[in-house]
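I have placed the structure first, in the form of structure tokens, so that the comments after it can refer back to it.
Numbers restart at 1 for each chain; the letters A, B, ... are given by sequence-line order, proteins then strands.
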2 protein chains.
Amino acid sequence: MENACKHLKTRGIKPSYQRIKIFEYLLRNRNHPTVDMIYRKLVPRIPTLSKTTVYNTLNLFIEKEIASIIIIEENETRYDADTSVHGHFKCRKCTKVYDLDIDLSKIDIPMLAEHSVTEHHFYFKGICKNCR
Amino acid sequence: MENACKHLKTRGIKPSYQRIKIFEYLLRNRNHPTVDMIYRKLVPRIPTLSKTTVYNTLNLFIEKEIASIIIIEENETRYDADTSVHGHFKCRKCTKVYDLDIDLSKIDIPMLAEHSVTEHHFYFKGICKNCR
DNA sequence: TCCATTTTTGTAATCATTACAAAGTATGGT
DNA sequence: ACCATACTTTGTAATGATTACAAAAATGGA
Ligand SMILES: [Mn+2]
Ligand SMILES: [Mn+2]
Ligand SMILES: [Zn+2]
Ligand SMILES: [Zn+2]
């Protein structure tokens, strides 16, 4: 995927090998991974990879807005290459996180009118169709 | 507030002194406090109070469903005596968390139909009316 | 009062994340 | 190619919130 490399450049991120690989992982695996999931998947192919690099890189992606952060459980930060406004559903049995392609920013919430809103987050929890 | 004591009993929670004080704090201060905020506010009046007790008690409240948990930032767990389905707005300047009294469970989200949903969470971030 | 059960407490352990500085790598001018 | 400089990666240590655990304290009934 030369795609990933170009995407990084357009946002002013120098496309180092690690950054490309981490971004490719996010693009290909739409499973909302944690830092640890990304690290464990990549380290066999990049033996020198440091978990710190994964943290640094993801924080850079968030800052440059090519990825978004998903916080559903305390101490389980997940990442998403999809930066559009959308929501998630997490199954408490299989722990899978599903996408919900709904733009909540289009729903009118009068109480928000007086504030200046920059981020929209929503998620649901329960048991998914496959687990019951 | 004898109120708090009765509320605990009806949910099968023995109303110990610490539990009553922590629950009263949640009822009176609708500011979505962290464990640390609750602890620091109560410890002058209950010098023997342990932070572990605050953690244990809040986990019990969540389990017995007399309080709900609010996760907006990673490693900043907040608690709310309001267990109804409602949302929040957090100001990134003054860090205040506002209530949004909207029941998202009433909004139809087709993608959720196939799953069994038990929890609804939503929050927004930005700058509040007082901070701009 | 005695005993069993529950609750509280303090300390240590855990775990995710960040801080930091050293080592490695790329870049651009000479 | 050489060097200086800036950027990136890495490993280790520090941080901070939460939980585990076991001892101490409180409760409540026989
Ligand atoms: Mn997503
Ligand atoms: Mn609330
Ligand atoms: Zn499932
Ligand atoms: Zn504000």
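- Counting to the nearest Å, the C1' atom of C:dA16 and the CD1 atom of A:I38 are 14 Å from each other.
- A straight line from CG of B:L58 to P of C:dT8 spans 12 Å, rounded to a whole angstrom.
- We find that CD of B:E76 is positioned 10 Å from P of D:dA17, with the value rounded to whole Å.
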Protein within reach of the bases, or only the backbone? For nucleotides 19-30 of chain D, mark each nucleotide 5' to 3' as B, S or -, using heavy atoms under 4.0 Å. BB----------
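- In terms of phosphate contacts, A:T77 brings a side-chain nitrogen or oxygen within less than 4.0 Å of OP1 or OP2 of C:dT17.
- Between B:H115 and A:Y98, the gap from one ring centroid to the other is short of 6.0 Å.
- B:H32 and B:D99 share a donor-acceptor pair across their side chains, judged by distance under 3.5 Å alone.
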Applying side-chain contact (heavy atoms from CB on, under 4.5 Å), run through A:F124 and A:L100 and close with a yes or a no. CA-CA 10 Å; A:F124 303 87; A:L100 301 175; 3.4 Å; yes
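- OP1 or OP2 of D:dT9 lies within a sub-4.0 Å distance of a side-chain N or O belonging to A:S16.
- With a 4.5 Å cut-off on side-chain heavy atoms, A:L49 and A:K21 do not count as touching.
- Atom C1' of nucleotide C:dA26 and atom CG of A:L8 are separated by 16 Å, given to the nearest angstrom.
- Positionally, the nearest nucleotide of DNA chain D for A:R19 lies more toward the 5' end than for the other of A:R19 and B:V35.
- The minimum heavy-atom distance linking B:Y25 with B:P33 is given by the pair CE2-CG, 3.5 Å.
- Of the N and O atoms on the side chains of B:E74 and A:T77, at least one donor lies less than 3.5 Å from an acceptor on the other residue.
- Rounded to whole angstrom, the span from the CG atom of A:L49 across to the P atom of C:dG24 amounts to 17 Å.
- At least one side-chain heavy atom of B:L58 sits less than 4.5 Å from a side-chain heavy atom of B:I38.
- A sub-4.0 Å separation between OP1 or OP2 of C:dT25 and a side-chain N or O of A:Q18 is absent.
- Atom-to-atom, CD1 of B:I20 to C1' of C:dT8 comes out at 15 Å; the value is rounded to the nearest Å.
- Across the protein-nucleic acid pair, A:E63 atom CD and D:dT8 atom C1' stand 15 Å apart, rounded to whole Å.
- Taking side-chain N and O atoms only, A:T53 has a distance below 4.0 Å to OP1 or OP2 of D:dT10.
- Here the P atom of nucleotide C:dC15 and the CD atom of A:E73 are 16 Å apart, to the nearest Å.
- The side chain of A:T57 lies closest to D:dT9 when the candidates are D:dA17, D:dT10, D:dT9.
- Of the two residues contacting DNA chain C, namely A:D36 and B:I46, the nearest-nucleotide position lying further toward the 5' end is that of B:I46.
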